[in-house]
Structure formats: structure tokens, C-alpha cells
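Throughout, protein chains are lettered first and strands after them, A, B, ... in sequence-line order, and every chain is numbered starting at 1.
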Amino acid sequence: MKDLASALSAANAAVFVKLGLDARHADVRRSDRPDLAEFQGNGAMAAAKAAGKKPQELASQIAAAWDAEALAPKPQVAGPGFLNFRVTEGALSDRARVIMGDARAGAALVERKRRVVVDYGGPNVAKGMHVGHLRASIIGESVKRIYRFRGDEVWGDAHFGDWGFQMGLMIVSIEDELGGLADKNALDAKLKTITLDYLEGAYPRAAAKAREDVSFRDRARKATAALQAGAEPHRTIWKAMHDVSMAAQKRDFASLGVNFDLWLGESDADPLIPDMVKDLEAKGLLEEDQGARIVRVARPGETKKKKLDDGTVIEVESPDPLLVVSSEGSAMYGTTDLATIVQRVRDQKPDLILYVVDQRQADHFEQVYRAAAKADYIAREALEHVGFGTMNGTDGKPFKTRAGGVLKLNDLIGQAEEKARERLREAEAEGRLAKDISPAEFEDIAHKVAIAAIKFADLSNFRGTSYVFDLDRFMSFEGKTGPYLLYQAVRIKSILRKAKAESLEPGAIEIAHEAERALALTLDGFNHALALAYDKKAPHFLAEHAYALAREFSAFYDHCPILTSEGAVRASRLALSGATLKQLTLTLDLLGIEPPERM
RNA sequence: GGCCCCGUAGCUCAGCUGGAUAGAGCAAGAACCUUCUAAGUUCGAGGUCGCAGGUUCGAGUCCUGCCGGGGUCGCCA
């Protein structure tokens, strides 16, 4: 199954070969001058350069030799040597029919299927989901769906943050609260009262205390090592915190529409650590350094300048070595990350592991990846950090609520839902909402609209850059927003429902009107958008496509009556609407967005 | 100080291996609801692509330098 750009490229390549030119330059793509052409080929200029010919002359020769007339008439030569194509109505209609009849709405599968683990979300035992977790969850979920849809075998793993120093902090925090851990009954009673809210409150306090109080910090570090050595009651306390937090996090993820195949965490990699350390030792990679054990990952000559506390500047290796065993004997997050690679190689045998994690951890992952490759656990190329930027407030600084605190995910969703309810009530008052909507459906719509607004706002930005989180803007529901996309999907559903009620059947698509042409061309662009999103691990290409599709449908809707037209035209437009709905729904699903039936 | 990212319309952002007249949305202006859901459509306006050089037939895109913003630099994750 080929999209039109691929078909044109193939036909153009045949012409290039016939003329003795390098077919590499034959690529044809959508034109960025829609006033001049639908598709453009730029290769004549590059080929002319290579052959020492005049670009315009060569372009004319190529145009003259073009013989795929069923696909497109001979291209126009324009400017310095562009080839401008306009596909035939027949080719476009055929393509639209194929998309309509295809469950994948025109999207191709990858040629070579891979096994891929997507590590994302990264919830923390002691931190409830707040806006800071949004990007990791939303982007990761979308990347996972995109990879799976293109045919790869994919596992999404939450990689729960349940094992480091933070656990030691919580343990000594509870110890101090109870005046010791000896009283089993007091401890049991305490553990029964633990909630995620409690952990969220106690953790920042303990972390702050550890920064100021050296002895408290040392106790926490020892407690961490003890937990990892399997000591009691550390293990019991950890289990209680872990279970309570996991249950709460699962609820939050479910509310966001984020689902993992593996709910593994750092603690699950722990059993592999002792053997891994022995293995690193055997391979001669482990070195003693300042009481800790490290793996050096810098190549010869890779250094950086570093300023010490006393102001002197020294030259040190770069990247920093990976800290495998702390001076206290405990595992660090790099240790668990490395052991998690060993675990995944054993269990999933992945060709690729994607880490959808904040860009700020780029250095850390570089250390881990190099160490993994050095130890021969997996190829360096099989590990990729899919980093994303921070979410800032309207002041350009990391997002905070008006009161200065962190906005909890639930509260954020709640605010968006409330805004959606207001909008729905307005529509109801103006008589634009169906009369028979039950309270349950009303709530379901409000939730879907809220989630769509939040997710689309995030996914329409390129993941790598930071973006401004502006609640009011996302919830205005106008223009390029999630609710707009839902609205277009719902309008199509409404039309198709009416058609069905009147027993009107879709028929063969015949592209005639300019608005139909534009819509069909956009439908054809799905495969390209999907391929880009896949290659670059960047869902915003699909967000852009969803918006373009919704916009073109809306123009088509305005210019081309569907139900009120007749015969073959009506049947064709119904089919075109059906194809659009299918592809729009699919695209939204790849973004993790679900449209309601009505709104 | 080393390394990484960013700087595009008043605001928020796109711009795929370098290609033609740099695109969207919001805000501000004009026109469209007795007709398939106006959370909509159509039209106009808005730009020294941070600055200065360089490579190229051609640079927002590649190279160098500078300015501005952010991030990061072993016992937190």
C-alpha cells in the first residue's frame, strides 16, 4: 500500500534511471507551495549538480520523459528546476477508496518488525502524580502506541521509582515518628494508616531535613543499604508504602488513559544487582574510587573543566563515571537502570529500548548506556533517550500553582473538567446539545474533553522543547485544541448516524470539488505523518496531521452538503466522511485521545 | 568554566535529507447560523527567522564567532 508521494517518487525514480540519473534524487513530496502544485520534486537540481548539467534543462527532460499519466500528468517545471505535480482525479479517488476500505486508514507497517521496550511515566512511590509527570506519561503513551501501530512488538513499562535513597528517607522518617521501630504493634498500626497523601507530605519534609541534618542523612543512607540487603522491618515498611502508592498511581494513570504492559519498578531489578556487580568486576570494569565503586565511561581525551568548591578549576573525564555501588554499599539509580537493562535483555530481548524521560537526565542516560555497551549487555544503538523539555508556567519558570505549590494531576483534570461542564451547559442552554443526555454521559463527555485539551496541548509541541503550560489557553477550547478535534469527530458521527437512520449508504468515492480534493490529499498524508512521528519519536507530527484533517473536513463540511446532496455524490461524500472519521479516530487514539459520541 | 538545548508574527508554537513568496492557533479587523452540531467557516492584516561573518546556484535549516535565556556537571532520582 503506497501513499501518493511514494507512488510519484517511484514513477519519478523510473524516469531518473531511464535518463541515467541517480534515483536517490527522485523523491517527490507534498509541495509547500499549494498555489503552484500538490506535490513537488526537487531532485532535478541536485542531479544536475552531480551531472554538471543545467538544472532547468534537466528538469524539462525529466518532465518530458514522465509517463505515469494515470497517476499524474507530466509535471510542470518551475523556478530553478522544481518539478510540480498535480495528481489525477482518478488516482486521488482510488487512493481515497483504498483508505476507506483499509482498517489501518492508509498507514503502512514497518518493513522489519522490532521488539521495543518503552520506559515512561516513571512514577515515584512518595510523589503523587502532579503536572510534572504529565509529559512523561502523555508522550510515552503516544510513542508506545505509535510503535505498536506500525507493527513492532512493544512493551510499555512504568519503571516505578521505588528503590533509592528516598525509601531510606521514608523509613527513618517513620522511625522518628514512632520513636523507634521496635514496637511491632505500633508499627503495624502506623503502616495501616499510610496513604499516598501521607507519603507526599512526609517525603519533602524528610528530604529537606536530610539536606540540613548530616546525621539524619547518614541514617537514611544506612537504612537504604539495609533495605536493599533485605533487613526487617525495613522490608515490611517498604512493602506497605509501595503497595499503597502503586494502587493510587494506577488510578491516576487510568484517569489519564495511560496503560502499562509492565508495572515493574526499580526494586524488580534489585535481585539482578549482585550478579551484575560480580560480572562487571570479572570484566575488569569496576574501580574503587573515594570509597565507592564506579565504571568509567569516558573515552580517552574526553574531558571537561570543573570548578571545585575552593574555586580552583581542574580537568576531569567526561562523562562522569557511573556510580555502581555507593560508599555505603547501596545501589544508586544508575545501578538499577543498568540492572534493568540486564533484566529487559533477559525477559523481552528488545532490539530497542526507548526512555521517555526529562531531557535533564540526558547525561545520566549517556553514562548508563555507555556502561551497558562496555559490559556488552546490549548495543549502544539499541538504547535511546527520548528526552522532553520542562513544562513552564506563564512566567517562563517551572510550573507552579498560584499559591506557589505543585498542582496535583487530579486537581488539574478536575479544573479542566469543570471548564468543560461550563461549556456543555452553555451549549445546552442554546439548544445545541441533545436533550436526552444522561448525567453519566454528561460527565463522560466532560472528562473526555478535559483529557483531550490537556493531552493535545502537550502533544502539539515538539517534545524536545520546553513549553508554557497555560491552563486558561488550553481550556478556551477554540482553534487548534483537543476539543476542536473531538468536535469535528463528533460532527461526522452525527452525520453518519443520521445517514444510517435514513438508510443512506456510502458508495464509491469520486473526488470532484476542491474541498474534497484537499480532504483526500490530507487523508493520503497520514502515512507520512505517522512515519515521521515514528522515526523521530515525536507525536507532534501526528497531532499536526489530526488538526489538518479536522480542518479540511470542516472546510469540506461547509462547502459540500452531504446528506442534502443526492445519489452518487451523496454516497461518495458519505464514504469520504466515513474514511475521515476512521482516520481521525485512529490518529487521536495514537495520541491517547478518545472522542465521545456526542458533545 | 566544560557540555547540551532554545532564540521564527504582539502572544503560544510548527517548519521533514538545505529548495520557490517562512506556516498554524490565539489576540486585534471584516463577512457568514430558517439548512448535516457556530467548540465552526471564509477573507484581510501582522516577519531584518537573536546579531555578524562563511559554505552554496540556493540558508530559518549547514559551519564559525558573538549576544540573550534555560538545563546540567558522582554517592538524590
Anti or syn, where syn is a glycosidic angle within 90° of 0; which label fits B:C33?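 B:C33: syn.
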Without swapping roles, check the side chain of [X] against the backbone of [Y] for a donor-acceptor pair under 3.5 Å.
{"X": "A:His364", "Y": "A:Gly334", "answer": "no"}
{"X": "A:Glu212", "Y": "A:Lys209", "answer": "no"}
{"X": "A:Asn84", "Y": "A:Gln40", "answer": "no"}

Step through the shown structure and confirm whether more than 12 heavy atoms of other residues, nucleotides or ligands are within 6.0 Å of CZ on A:Arg24. no
OP1 or OP2 of [N] less than 4.0 angstrom from a side-chain nitrogen or oxygen of [X], does that happen here?
{"X": "A:Tyr484", "N": "B:U41", "value": "yes"}
{"X": "A:Ser494", "N": "B:U37", "value": "yes"}
{"X": "A:Lys493", "N": "B:C36", "value": "no"}
{"X": "A:Arg491", "N": "B:A38", "value": "yes"}
{"X": "A:Arg551", "N": "B:A24", "value": "no"}
{"X": "A:His364", "N": "B:G74", "value": "no"}
{"X": "A:Arg33", "N": "B:A20", "value": "no"}
{"X": "A:Ser318", "N": "B:G74", "value": "no"}

Look at the side chain of [X] and the base of [N], then say whether one donor and one acceptor between them are separated by less than 3.5 Å.
{"X": "A:Asp558", "N": "B:A38", "result": "no"}
{"X": "A:Gln290", "N": "B:G74", "result": "yes"}
{"X": "A:Gln40", "N": "B:A20", "result": "yes"}
{"X": "A:His528", "N": "B:C16", "result": "yes"}
{"X": "A:Asp289", "N": "B:G74", "result": "yes"}

Closest nucleotide of RNA chain B for A:Arg423 versus for A:Lys498: which of these residues is on the 5' side?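 Here A:Lys498 is the residue nearer the 5' end.
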For A:Gln361 and A:Arg473, take the nucleotide of RNA chain B holding the closest heavy atom to each; which residue's nucleotide lies nearer the 5' end? A:Arg473
Any strand counts, and the cut-off is 3.5 Å on both contacts for Watson-Crick or G-U wobble. Which nucleotide pairs with [N]?
{"N": "B:G68", "answer": "B:C6"}
{"N": "B:G29", "answer": "B:C43"}
{"N": "B:G23", "answer": "B:C13"}

For RNA chain B, find the residues of residues 326-334 of chain A with a heavy-atom distance under 4.0 Å and give them by number; none if there aren't any.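 When residues 326-334 of chain A is checked for heavy atoms under 4.0 Å from RNA chain B, the hits, listed by number, are A:Ser326, A:Ser327, A:Met332, A:Tyr333.
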Quick one, A:Leu424 and A:Leu433 - any side-chain contact, counting heavy atoms below 4.5 Å? yes
